[in-house]
Amino acid sequence: MRGWIFDTYPDYQKDHMVSWIKTEDGVDKLVDRKFFPTFYVHGSRKNLKSLADVVSTHKLRDLSFERKKIKLGYDGKFEVLAVTPYRYKDVKLLAKMIDAQGGYRDFELYDIDIRLAQRYLVERGIFPMAYVDVGNEFILLDEQMAMEYPLPELKHTEIGVKVGSANKIKKFNDPVQAIKVGERVFKDADEIDLLRGMVEEIRLTDPDLVYMKNGDSFLLPYLYNRAKANGILDEIQLGRERQSSRPERSGRSYFRYGRVEYKPPLYTLRGRLHIDTGNSFLHMESGLKGLIELARLSCIPVQTLAKLSPGTAISAMQVNQAMKDGHPVMWKKNLPEDFKTAKELMVTDRGGFIYEPVVGIHDRVLELDYTSLYPSIMVRFNISPETLKCRCCPDSKIKVPEIGYNICEKQVGLIAKVLKPVIQRRMVYKKRGKEGDLEYKERSDILKWLLVCSFGYTGYKNARYGRIECHESITAYGREIMLRSAEIAERHGYRVLHGIVDSLWLEGNGSPKAVAEHLRNDVGIPIEIEGVYKWIVFLPCKSMDVGAMNRYYGLFENGEMKIRGIETRRSDTPEIVKKAQYEMLDILSRAENSHEFKETIPEALGALKVWAERVVYGDVDLEDLIFTSRVSKPLEEYAHFSNQVAALTQLEEHMVDVNPGEIVRYLLVNSESMKASGRLKIADLVEDGDEYDKKKYVEHLFKAGESLFQPFGYDLERIEEEYGV
DNA sequence: ATCACCCGGGG
DNA sequence: GTGTACGGGTGAT
């Protein structure tokens with residue numbers, strides 16, 4: 001049988017691996033009962049010996065002493081205890097027990113926390129969506145690094161549900177009103193019939209992919225709950241075989257980069273791929289073809305990958321490379337869950353190149369970006385945790401600028417091995433994508449995110465293959481390159497207006513192409529002309545009179561605008577403020593230069609005044625006035641009576657639980673009220689004709705005007721005076 | 001003035 | 001078993 005490895009996952013009840021093979025005429029389920037993961041423990045000989053005695057009292061498949069290359073970048077072997085647990089779920093349990101036994105100090109554990117499917121695929125030498133011949137074993141008819149690969153035709157459908165709730169607060173207990181499966185709509189019937197109709201439609205149309213918006217966060221748990229309430233839970237089968245209605249992993253709130261996030265329970269389907277189109281970052285960013293490309297590279301099956309972040313994927317690729325090189329993977333407890341872009345990370349850590357912006361408007365500004373500066377540095381200078389300050393090349397000719405660390409000359413580091421092909425693939429895909437092929441654009445887009453996040457995963461001390469010295473070295477090279485670039489630009493007649501990490505804004509009459517070409521040749525890292533602005537405004541901090549690093553807006557020669565840091569870009573800005581600010585920007589976009597820009601300001605503020613009038617006279621869609629905000633903790637932990645507290649209080653009265661990290665939506669009724677019900681109204685309860693805090697909304701509108709025009713003498717006070725209603 | 005708390009990526 | 005950026009904003013105390 002020939003086909004594509006469509007999905008792979010462990011069955012923790014039966015302790016075998018399941019693969020679904022998509023063939024020309026259907027889908028086949030394949031069970032592999034011969035896969036049993038082994039993990040390794042390293043410690044002193046004495047400790048290992050006594051550990052072996054303890055561990056051998058447990059039911060195991062195998063226990064032995066072996067020699068393994070546990071040090072990355074070193075081929076010498078060390079004695080380890082190899083443990084093959086009896087059951088899949090015992091890997092973590094035994095590891096925890098052993099770790100505790102050694103006082104969290106005596107033992108180093110390896111190959112504990114690798115996704116089983118990923119490990120299985122790597123050990124079998126296959127990968128997701130690989131074309132294979134399946135007999136007694138997998139015979140690969142495909143290459144993991146191939147840039148052209150055949151893919152099966154995949155049938156897809158989308159499920160959507162209309163909830164019959166009394167008000168707009170959707171609850172798990174509200175009955176189903178209608179269900180849409182692809183083009184079929186089930187409605188005007190008993191709830192049981194609606195649910196059965198959906199199941200039957202899925203069975204008949206037999207899709208490979210099931211898209212659901214908020215499938216994890218609402219739809220699937222809701223449908224299971226309704227089926228249960230109607231006593232037909234066992235009939236709800238949306239996959240290609242029966243499965244539990246319980247999620248793969250339960251929901252949880254967790255702390256990530258200074259804020260609380262909520263990850264809902266995750267639901268997978270057996271034999272089909274469920275993709276939550278509302279919650280899959282990778283799918284939203286790139287689409288199915290991007291997901292498939294990354295699944296192939298990372299050995300994370302598509303359905304799983306759809307729920308993960310780019311950082312997790314890059315980390316998986318590093319793990320795979322280590323496994324292929326014969327290195328067991330050190331157990332890394334409590335990895336950061338998600339990614340942060342190089343810009344975010346670097347600006348804050350003060351490691352990246354920064355040239356404080358010259359506040360105000362500037363004409364004819366050239367923006368140059370190194371698209372993959374940090375990944376390129378890692379590859380070019382071979383920066384990796386094991387190559388940096390390596391013992392084998394103390395006199396290496398490669399020395400990190402400013403810091404002077406030596407870098408290995410003898411072997412290519414893990415990070416470079418992983419990133420080099422990613423950079424190369426991205427370049428090729430990007431080119432083809434620009435020629436109009438959407439599939440290549442999707443692939444290029446997903447690899448872009450991989451590259452953007454790769455630095456965070458190498459520089460961060462908590463990352464699996466992270467090392468603080470890597471972080472320092474990459475930024476040191478980055479600064480050197482950017483300073484040199486600025487110098488070269490100046491020789492071309494430009495003046496640096498602003499610079500940050502990998503971008504430069506230049507004012508002057510040089511030739512953009514000539515300077516970019518010069519930089520490309522001199523630095524040897526791809527640089528791109530982001531564009532030439534007819535004009536660009538760098539904004540100051542509202543409180544102090546210094547340039548803010550990431551607040552600006554400008555108009556490119558092609559008519560597009562680039563906007564950063566102001567209200568339109570924030571998720572907690574009500575729609576009406578965004579609309580008003582967009583309208584002002586739209587009016588400004590007719591200005592060809594700074595002179596015309598300044599003449600246009602009154603017209604833009606006039607438009608703002610119209611929005612303020614609408615607010616005052618009640619000529620607004622209440623939906624446009626809704627604030628959206630994420631809550632960071634449970635109600636009782638808040639110290640101040642903020643809008644979030646008022647919203648949470650009101651929701652609690654309506655018996656709605658909000659997990660830390662989830663959002664609340666509300667209409668501001670009276671910002672001065674110290675009572676929850678007086679302060680605001682939950683968005684789902686808002687009705688036509690509801691009153692709202694006109695004064696406050698007008699103030700928000702005018703603040704959005706201030707954001708744009710503060711450098712031109714229009715502060716809040718003046719706008720209120722001249723354009724107040 | 002100081003403290004508390006939220007956002008940052010894209011569409 | 002444990003820590004968690006930082007600059008920029010708004011709003012509460």
Side-chain angles (χ1 to χ4, degrees), chain A residues 96 99-100 102-105 213 254-261 277-278 280-287 290 309-311 331-352 354 356-357 445-446 448-449 452-453 456 459-463 471 500 539-544 546-552 562-574 577-578 582 627-633 637-648 660-664 668 671-674 679-680 693 696 699-700 702-704 706-707 710 716:
Chain A
K96 280 184 181 163
D99 201 21
Y104 305 104
R105 228 192 19 245
K213 190 170 182 200
Y254 58 98
F255 196 84
R256 184 189 75 160
Y257 299 126
R259 79 172 187 218
V260 177
E261 301 266 323
T277 48
S280 169
F281 177 87
L282 289 170
H283 184 264
M284 285 189 285
E285 287 305 315
S286 77
S309 66
W331 188 15
K332 190 79 195 180
K333 286 151 270 187
N334 308 311
L335 290 172
E337 269 288 316
D338 213 70
F339 66 92
K340 146 163 82 163
T341 67
K343 260 187 190 139
E344 288 172 279
L345 192 80
M346 283 329 306
V347 170
T348 58
D349 289 11
R350 292 173 191 284
I354 289 173
E356 192 179 295
D445 284 349
I446 208 151
K448 179 194 84 181
W449 277 111
V452 164
C453 299
Y460 200 53
K461 62 182 186 307
N462 281 352
H471 172 281
I500 187 164
L539 294 166
C541 295
K542 274 191 170 175
S543 46
M544 298 165 295
V546 296
M549 280 177 300
N550 218 12
R551 286 167 65 81
Y552 60 84
K562 185 164 174 178
I563 305 161
R564 288 295 118 104
I566 58 176
E567 285 80 354
T568 53
R569 300 284 295 189
R570 293 178 63 100
S571 63
D572 57 351
T573 306
V577 177
K578 289 190 184 180
Y582 268 127
F627 281 90
T628 304
S629 177
R630 196 180 293 275
V631 297
S632 60
K633 48 194 162 192
E637 283 174 32
Y638 277 92
H640 294 328
F641 184 73
S642 61
N643 291 347
Q644 282 84 5
V645 169
L648 284 174
E662 288 190 303
I663 56 162
V664 291
L668 203 51
S671 62
E672 279 163 25
S673 168
M674 295 311 281
R679 174 76 67 90
L680 50 78
D693 192 332
K696 200 70 190 176
E699 187 186 325
H700 276 289
F702 286 169
K703 279 189 172 175
E706 181 188 44
S707 291
Q710 202 182 23
L716 185 61

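Proteins come first, then strands; the chains are lettered A, B, ... in the order of their sequence lines, and each starts at number 1.
Annotation: of the two residues near DNA chain B, A/K578 and A/S629, the 5′-most nearest-nucleotide partner is A/S629.
Among the heavy atoms of the strands, none lies under 4.0 Å from A/R105. Across all strands shown, A/K696 has heavy atoms under 4.0 Å from sugar-phosphate atoms exclusively, and none from any base.
Considering only heavy atoms from C-beta on, A/H700 stays 4.5 Å or farther from A/P574 through its side chain. A/T568 places none of its side-chain heavy atoms less than 4.5 Å from the side chain of A/T573.
Which of C/dG8, C/dG11, C/dG1 sits closest to the side chain of A/D99 comes down to C/dG1. Here the side chain of A/M674 is nearest to one of C/dT10, B/dG10, C/dT13, namely C/dT13. Side-chain atoms of A/N550 lie closest to B/dG9 of the nucleotides C/dG11, C/dG8, B/dG9. Nearest to the side chain of A/Q644, among C/dT10, B/dC7, B/dC6, sits B/dC6. Nearest to the side chain of A/R569, among B/dG10, C/dG8, B/dC5, sits B/dG10. Here the side chain of A/K703 is nearest to one of C/dG8, B/dG9, C/dT10, namely C/dT10. For A/Y638, the listed nucleotide lying nearest its side chain is B/dC6; candidates were B/dC6, C/dG11, C/dG8.
Checked for salt-bridge contact, A/E699 and A/K696 meet the test: a charged N lies under 4.0 Å from a carboxylate O.
Between A/S707 and A/K542, the shortest heavy-atom distance links the atoms OG-NZ, 2.9 Å.
Summarising the geometry, the separation between CD1 on A/I500 and C1' on B/dG9 is reported as 15 Å, rounded to the nearest angstrom. Look at CG on A/N643: it is 13 Å from P on B/dC5, rounded to the nearest Å. Whole-Å rounding puts the A/L648 CG to B/dC6 P distance at 9 Å. If you take CZ of A/R551 and P of B/dG8, they are 13 Å apart, rounded to a whole angstrom. A/H640 places its NE2 atom 13 Å from the C1' atom of C/dT10, with the value rounded to the nearest Å. When rounded to the nearest whole Å, the span between CD of A/E567 and P of B/dC6 equals 18 Å. Here B/dC5 presents its C1' atom at 11 Å from CG of A/D572, a figure rounded to the nearest Å. Rounded to whole Å, the distance from CZ on A/R570 to C1' on B/dG9 is 14 Å.
In this structure, A/K448 does not reach the B/dG9 phosphate: none of its side-chain N or O atoms is under 4.0 Å from OP1 or OP2. Using a 4.0 Å cut-off, no side-chain N or O of A/S642 falls inside it from OP1 or OP2 of C/dG11. In terms of phosphate contacts, A/H283 brings no side-chain nitrogen or oxygen within less than 4.0 Å of OP1 or OP2 of B/dG10. OP1 or OP2 of B/dG8 lies within a sub-4.0 Å distance of a side-chain N or O belonging to A/S571.
Side-chain contact check for A/Q644 and A/S629: at least one donor-acceptor pair (N or O, by modelled atom type) lies under 3.5 Å.
Counted within 6.0 Å of NZ on A/K578, heavy atoms from surrounding residues, nucleotides or ligands total more than 12; the atom is thus considered enclosed.
When the P atom is used for both B/dG11 and C/dC6, the distance is 29 Å, rounded to whole Å. Rounded to whole Å, the separation between the P atoms of C/dA5 and B/dC6 comes to 15 Å.
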